[in-house]
Amino acid sequence: MNNEIDEESFESRSRLQKSFFARDAEIVAKELLGKVLVRKINNKLLKARIVETEAYYDENDPASRACKNGDLKNTMKMNAGTILVYGVHNNWLINFVTGKKGEAAAVLIRAVEPLNFDGKGNGPGLLTKSLAIDKSFHKKHIFDNQGYLDLRKDKENLDHEIVESFRIGVKKDLPKKLRFYIKGNKFISRK
DNA sequence: AGGAAGATCTACT
DNA sequence: GTAGATCTTCCTA
């Protein structure tokens with residue numbers, strides 16, 4: 001695909017729908033694998049394929065920020081597709097709100113594969129640094145942030161096998177595997 | 001106003 | 001494998 005018209009045509013066909021996010025966090029987490037995060041900076045597009053995600057739920061999930069009252073819990077109840085950014089140990093972590101409005105759920109992006117730029121993607125704090133994602137995206141919607149951050153289907157329909165594991169770095173996990181990554185990908189954060 | 005915990009990362013041994 | 005950096009967020013008072 002090497003002319004502008006094909007590129008434009010693909011771009012418009014490759015948008016995700018709102019209904020994509022309005023489902024259970026586990027489903028969204030799995031289906032986000034292989035999708036492409038697009039970050040626009042000074043009219044340049046940085047593209048990165050999502051290769052690792054985790055699902056988080058409401059106050060019944062001991063690892064979730066929704067266990068504490070406050071802005072993060074409230075944000076997790078917002079419209080599906082809302083961007084949620086929060087800080088841990090001097091790193092910004094990016095999530096997408098999923099499910100029904102009023103119910104707390106989100107998917108954390110844990111690792112990406114840089115497609116057209118140099119930078120690290122193999123960790124939730126590293127990928128936000130590489131893509132210059134910070135708190136300014138918090139509570140913006142993925143479909144309504146002037147294109148500075150977007151999410152697309154991949155051009156190539158790459159087959160991949162999904163591996164499930166328990167979540168990383170959480171003190172108390174649920175008895176269910178809620179971390180998902182693309183088998184064999186070199187950019188996953190940990191084995 | 002102050003403190004503790006944390007969905008992390010890096011560097012060192 | 002372990003320790004320390006470093007700062008946002010939430011809780012307590």
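Naming convention: chains lettered A, B, ... in sequence-line order (proteins, then strands); numbering from 1 in each chain.
- When the side-chain nitrogen and oxygen atoms of A/Arg179 are compared with OP1 and OP2 of B/dA7, none of them lie within a distance under 4.0 Å.
- Here A/Tyr56 lies parallel enough and close enough to stack on the base of B/dA7, with planes under 30° and ring centres under 5.5 Å apart.
- Ring pair A/Phe21/A/Phe96 is tilted by interplanar angle, where 30° to 60° counts as tilted.
- The hydrophobic clustering, which links ILVMFWY residues whose side-chain heavy atoms are closer than 4.5 Å, places A/Ile133 and A/Val97 apart.
- OP1 or OP2 of C/dC11 has not a single side-chain nitrogen or oxygen of A/Lys68 nearer than 4.0 Å.
- Within 4.0 Å of A/Asn95, counting heavy atoms only, lies at least one base atom of the nucleic acid.
- Remark: C1' of C/dT9 and NE2 of A/His138 are 10 Å apart, rounded to the nearest angstrom.
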Under the 3.5 Å Watson-Crick or G-U criterion, the dot-bracket string of DNA chain B, with | for inter-strand pairs: ||||||.|||||.
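- Counting only N and O atoms by type, the side chains of A/Tyr57 and A/Asp24 include a donor and acceptor under 3.5 Å apart.
- Of the options A/Lys177, A/Arg179, A/Lys176, a salt bridge (charged side-chain N to carboxylate O under 4.0 Å, His left out) to A/Glu26 is made by A/Lys176 and by none of the others.
- Among the heavy atoms of the strands lying under 4.0 Å from A/Val88 is at least one base atom, whether or not backbone atoms are also near.
- Residue A/Arg65 contributes atom CZ, which lies 13 Å from atom P of B/dA5 at whole-angstrom precision.
- Using a 4.0 Å cut-off between charged nitrogen and carboxylate oxygen, A/Asp58 and A/Lys77 do not count as a salt-bridge pair.
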